[in-house]
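What follows is one structure encoded as structure tokens, with my remarks underneath.
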Amino acid sequence: MRDHAPDPLADALHRLIDQRSFDIHYQPLVAIDRGEIYGFEALTRAPADGPLHSPLVLFEAAARLGRLVELEHLIIRRALQRFKALGLPGQLFLNVTADTLLGAREHVNLLAAELGELGLPTSRVVIELTETRPIEDLARLDDAVQALRERGFRVALDDLGEGFASLRRWMEMRPDFVKIDRHFIDGIAQEPLKQQFVRSIVEMAATSGCEVVAEGLEQEPDLAVLRRLGLTICQGYLFARPSATPRTSLSAQWSGRLAADAQPRLLQNDLALPLNQGAITSAAQLARRGVTVTPETHCRSIVDLFHRDDQLLAVPVLDPQQRPIGLLRSLHVLKRSTERYFMDIFDKRSCVELMDPHPLVFDVATPLRAMSDAMANLDERLLTDGFVVTRDGAYYGSGRSSDLLKAVSDLQVHAARYANPLTLLPGNVPIDNHLDRLIEAGETFAAVVWDIDHFKPFNDVYGYRIGDDIIRLAARALTQAADPQLDFVGHVGGDDFVMVLGSADWEDRLSRVCEAFDSGVRSFFSAEHLAAGGYVTLNRQNQPSFHPLPTISAGAVVHLPGSFDSARALSAALAEPKRVANGRAGGSRFFVDRRTPQRTLRAA
């Protein structure tokens, strides 16, 4: 008999499983609409110096050698333990193959028990079906998914667009999350077909009630397009690479930029929109100190607490650093407490078993408009429970939804007289008020008027809805380039905008607007129009007329003390540089009228 040839992969796999010589790395999923981490995906890393370093090789070898399910159970256990030890926030996404998922009915109770020992509610765990292997028994798959959901787990379908019949699987599984394969995300800003695919997925998800996650995000232009298409959760190297010890929060740079992108209308100068004395403008003014508990509090104590005080609607759960990790809701807790055998089982267990791990949390500086948007997306059954307010991540107080709604209503009534309805940037009245105040105070600043070139034919060809998106793009480009402490952005109407810049590097900021607009606007055009640099329409004489693709242009004037006596006079002076800028060919651009003697603008 011939001896079997040695199998180095088999030997390496057996050693890896026997010695547990693998690591778990975590990559964040980012809620781009809130500028915060939504959760983490656990990723397996075998020893870098071994033949199984590639995850594809590792799992293929495990499947071939009949040890795949055993390996995945070890990985899941390690991932849970490290997730808890690192104190990572949000959801934990765990990848499993069909082989492991099909056995969920037999193992789900054991997994739930292990989570209970770690103090992690099952609602924080998302089981991702990775379609690297075909599923033969669909009925058994349905049963496995149902078993997971019965114990509170959530389910995700990974790599949509790749693998075995993923669209059909979506219809059958009805997952809580759908993760779009990175092929459709990378370079989406330059690929109209990819945009159409993702747009269709987002629309289908809205109908089926699931969340869409964009995987493989690496480029900022792609992020802008994904936001415009309606995605709110993204994952990729743009935010962070997988790490064995990941950050528990986004960097201040990213969280600030995402919040600004999501709410460009929040860049409003206080002087431009005067508010009444004592007007509420942020979360801090709505926060009140209230009852809080820790994870060491037992379920029995929480039930008794709500029974004693029928006016108590919700109680935050705080970790040792006073950070909120969840919210106990009166209606939910009291309902669960009436279930048969509930108190017998949960009496002495941690109250985290009863909490909502994803309460509405705002920083003290969160403006009312951002809070209002978050409330608008909340399940109406949760509106009565209010929200939690933090300062530097620690508990600051709790707020009532009714107080927020009243404050927002007051602000909307006041702001409706001044804001542009499309972008909610300050309109004509606050623009003039702001300019007049600066002129009267003898300030030095640059006044800039912008408009979108060739906008009307674009609107005619692509429709007013896409035209509105172009205007919002311009608003974002302007607000992102401005310094909220020194600069002002207003929307006159239509495609006309005003910037009032006190920043010393104001010309660099104008260049940034042009670059951002030219980069972002490409995603709105068809490949045919991009290649041609424009499109042909019929003019009023029914003759074909070629129109270039939209750009943005601006005229600028520097105001020095005593240069103008009013906003009206300054506005008239801006007409000439704006005409010059419009007459120049090429991409987006600006022209500065330098006939006024120049002085250095004040430093930031």
Side-chain angles (χ1 to χ4, degrees), residues 28-39 91 156-161 166-167 170 174-236 238-239 254 257-266 358 369-370 372-379 421-424 462-477 479-480 516 519-526:
L29 287 80
V30 177
I32 61 174
D33 58 332
R34 303 197 302 270
E36 62 187 31
I37 290 177
Y38 183 84
Q91 303 286 122
L157 183 61
D158 195 18
D159 295 334
L160 186 72
S166 55
L167 286 176
W170 183 2
R174 299 300 175 96
D176 302 287
F177 299 88
V178 169
K179 302 184 77 173
I180 302 178
D181 181 69
R182 65 182 61 248
H183 168 77
F184 298 98
I185 302 303
D186 189 34
I188 191 173
Q190 310 300 327
E191 297 281 352
L193 282 179
K194 289 184 178 181
Q195 294 170 32
Q196 185 56 52
F197 175 81
V198 172
R199 183 181 291 111
S200 299
I201 296 304
V202 171
E203 292 174 356
M204 291 171 61
T207 301
S208 63
C210 76
E211 295 269 11
V212 180
V213 179
E215 291 190 297
L217 176 62
E218 298 185 11
Q219 305 174 64
E220 287 201 45
D222 294 341
L223 171 61
V225 171
L226 293 172
R227 184 193 295 281
R228 179 168 63 82
L229 293 175
L231 274 89
T232 58
I233 305 175
C234 294
Q235 177 182 358
L238 181 63
F239 297 122
W254 264 121
R257 288 176 60 185
L258 289 173
D261 289 349
Q263 302 291 339
R265 61 187 180 275
L266 298 180
H358 302 291
R369 290 191 186 279
S372 175
D373 286 349
M375 294 289 288
N377 296 321
L378 198 65
D379 189 321
L422 180 59
T423 62
L424 295 185
Y462 283 85
Y464 75 92
R465 291 290 297 274
I466 303 299
D468 285 350
D469 286 342
I470 289 277
I471 291 174
R472 293 189 186 97
L473 169 68
R476 286 197 299 273
T479 55
Q480 289 170 8
S519 173
V521 78
R522 292 179 60 86
S523 67
F524 292 91
F525 308 134
S526 68

When you compare the side chain of [Y] with that of [X], does any pair of heavy atoms fall below 4.5 Å?
X	Y	value
Leu217	Val30	no
Leu29	Phe177	no
Glu211	Ile233	yes
Phe524	Leu473	yes

side-chain hydrogen bond (donor to acceptor under 3.5 Å, both in side chains) filter on Arg522, not counting sequence neighbours, yields Gln190
Could you list the residues that satisfy side-chain hydrogen bond (donor to acceptor under 3.5 Å, both in side chains) with Ser526, not counting sequence neighbours? His529
Taking every non-hydrogen atom, the tightest pair across [X] and [Y]:
X	Y	result
Val212	Leu231	CG1-CD2, 3.8 Å
Ala477	Ala516	CB-CB, 4.0 Å
Thr423	Ala475	CG2-CB, 3.8 Å
Asp33	Arg227	CA-NH1, 4.4 Å
Asp222	Ile185	OD2-O, 3.5 Å
Pro175	Trp170	CD-CD1, 3.3 Å

Value rounded to 0.5 Å, distance of [atom1] in [X] from [atom2] in [Y]:
X	Y	atom1	atom2	value
Leu157	Ile180	CG	CD1	11.0 Å
Leu238	Leu226	CG	CG	10.0 Å
Gln196	Ile201	CD	CD1	10.5 Å
Arg182	Ile188	CZ	CD1	14.0 Å

Parallel, tilted or perpendicular, as decided by the 30° and 60° cut-offs, for the rings of Phe184 and Phe197: parallel
Heavy-atom count check: over 12 atoms from other residues, nucleotides or ligands less than 6.0 Å from Arg199 CZ? yes
Within a 6.0 Å radius of atom CG on Leu193, are there more than 12 heavy atoms belonging to other residues, nucleotides or ligands? no
Chi angles and distances behind the side-chain contact (heavy atoms from CB on, under 4.5 Å) call for Phe239, Ile32: CA-CA 10 Å; Phe239 297 122; Ile32 61 174; 3.9 Å; yes
The test is salt bridge (Lys or Arg N to Asp or Glu O under 4.0 Å); show your working for Asp469 and Arg472 and say whether it passes. CA-CA 5 Å; Asp469 286 342; Arg472 293 189 186 97; 3.0 Å; yes
